[in-house]
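Since the structure comes first, as structure tokens, the remarks are kept for the end.
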Amino acid sequence: MSRYQRKVLLSTASGIALENMDIMFLSFSLSSIIATFGLSGTQAGLIATVTNLGMLIGGIFFGIIADKYGRVKVFSQTVLLFSLASLLMFFASNIYLVYIFRFLAGIGAGGEYGACMSLISESFSKKQLGRASSIAGIGAQVGAMLAAVLASLVIPVLGWRMLYVIGVLPVLMVLFIRRGLKEPEAFAKRQDTEKKTRLTDLFAGSKMSWQTTGLTLMVTVQIAGYFGLMNWLPSIMQERLGLSVADSSLWMVSTILGMCFGMLTFGSIMDKLGPRTSFSIFLIFSSLAVYLLVLAVDQVTLILAAVVVGYFINGMYGGYGAVISSLYPIQIRATANNFIMNAGRAIGGFSSIVIGFLMDHYNLNAVILFLSSIYLISLAVLLTLPGVKALKISTSPLHETYGKSHKA
């Protein structure tokens with residue numbers, strides 16, 4: 001990588017880390033917010049729903065803006081927006097203000113992803129894109145770990161409001177890092193500059209409609225597996241194996257480390273074998289790996305299973321940005337990234353409800369069967385997407401191969 005490419009990667013990875021850190025703050029502060037405002041379960045659950053809705057709306061809006069006016073501009077604007085909304089949580093005096101501020105945070109967080117992935121795709125050659133997007137995706141896991149550390153240090157001493165205030169401080173670092181970034185040459189020289197970017201462009205014709213729908217389904221599975229694993233399995237394993245909260249935290253850390261290693265290696269595999277083969281391998285092994293959780297009999301075997309499961313189920317995460325950026329022309333690239341990722345996130349987030357229902361009426365085996373099945377469904381969808389099959393490994397700059405991949 002050149003010095004400038006390293007700067008792009010550091011900036012985008014840091015931005016994605018802060019975005020996920022802010023989103024994860026809710027997980028760690030929710031019980032305190034419930035106690036402060038005396039919320040019911042429905043009122044508390046609505047906070048996450050409102051945030052996801054904001055991410056979808058922000059993704060569409062800022063995706064169109066990024067495709068029209070530039071990736072770097074939108075990257076900075078969205079970081080500032082979700083940071084300001086996070087800061088405003090300190091002044092939330094009732095649940096309705098919480099809803100408003102989390103909705104605004106969701107708009108900023110949802111808008112950032114497409115700008116970041118488009119910036120990466122237009123700054124790296126195609127043969128580097130898998131690794132570059134996967135490294136940026138690791139930022140999300142770093143953000144989750146940072147949120148956990150800050151929550152454990154701040155909430156017991158200063159309360160949940162100060163968590164959101166202190167969480168704004170790293171934003172200054174990101175804004176400093178991104179100094180000197182410029183719009184990619186490919187974006188500056190894009191064709192059809194007068195053509196308006198529209199959301200309907202993602203569904204122009206039957207092939208494009210299925211491509212967008214199919215990729216959205218795949219991201220939905222990706223998010224469903226992630227949240228299902230992270231939100232439910234720690235408590236399930238506490239009950240099944242008699243683990244303490246500290247033990248389950250160790251399990252979660254092991255899972256996240258496995259995820260990070262998976263993303264690092266998946267990027268290299270995709271750059272060598274292509275997206276269709278690499279996604280197929282990881283989806284098949286994800287479907288099989290979740291059964292390791294049933295076989296775990298103690299803390300040691302559970303940690304080993306967690307590393308393997310995390311490696312496969314989330315190793316693919318960074319690859320979606322690379323695939324989407326390769327399949328959609330430059331005029332709608334950021335819009336495509338934001339819509340597909342945030343629509344998948346909004347739908348996939350309901351997996352926690354599905355798993356809760358399965359636990360209430362069935363058992364862990366039903367949960368594992370559900371997780372295993374959705375990865376096979378994602379595999380079936382992947383094999384029907386001709387655009388993904390047509391993507392080839394190339395040493396030429398990515399922006400020079402867009403047209404070929406898109407037409408294929």
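Computed from a predicted structure; not experimentally measured.
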Exercise. Applying side-chain hydrogen bond (donor to acceptor under 3.5 Å, both in side chains) between Tyr328 and each of Thr212, Thr335, Asn337, Asp201, report the one that passes.
Key: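 The side-chain hydrogen bond (donor to acceptor under 3.5 Å, both in side chains) with Tyr328 is passed solely by Thr212 among Thr212, Thr335, Asn337, Asp201.
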
Tell me, do [X] and [Y] make a side-chain contact under 4.5 Å, heavy atoms counted?
| X | Y | value |
| --- | --- | --- |
| Leu26 | Ile47 | yes |
| Arg333 | Arg71 | yes |
| Met55 | Asn338 | no |

Practice problem: Answer with yes or no after comparing the ring centroid distance for Tyr320 and Phe279 against a 6.0 Å cut-off, counting only values under it. | Solution: yes

Quiz item: Do Tyr164 and Phe25 have ring centroids that are under 6.0 Å from one another?
Solution: yes

Quiz item: Under 4.0 Å between a Lys/Arg side-chain N and an Asp/Glu carboxylate O for Arg198 and Asp67?
Solution: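 Not counted as a salt bridge, because no side-chain N and carboxylate O are separated by less than 4.0 Å.
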
Quiz item: Is Asp271 salt-bridged to Arg131, going by a charged N under 4.0 Å from an acidic O?
Solution: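 A salt bridge is present here (some side-chain N lies under 4.0 Å from a carboxylate O).
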
Practice problem: Using the salt bridge (Lys or Arg N to Asp or Glu O under 4.0 Å) rule, collect all pairs that involve residues 343-352, keeping only residues at least two apart or in two chains. | Solution: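 Listed by first then second residue: Glu19-Arg345.
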
Self-check item: Distance-only side-chain donor-acceptor flag, Tyr317 / Ser134, under 3.5 Å
Solution: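 No, because no side-chain N or O of Tyr317 sits under 3.5 Å from a partner of the opposite role on Ser134.
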
Quiz item: Just how far is it from atom CG of Leu292 to atom CD1 of Ile368, taken to the nearest 0.5 Å?
Solution: 9.5 Å

Quiz item: Measuring from Ile377:CD1 to Leu217:CG, what's the distance to the nearest 0.5 Å?
Solution: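 The CG atom of Leu217 is 9.0 Å from CD1 of Ile377, to the nearest 0.5 Å.
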
Exercise. Hey, can you tell me if Phe312 and Phe285 have their rings parallel, tilted or perpendicular (30° and 60° cut-offs)?
Key: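 Taking Phe285 first and then Phe312, their aromatic rings lie parallel (interplane angle under 30°).
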
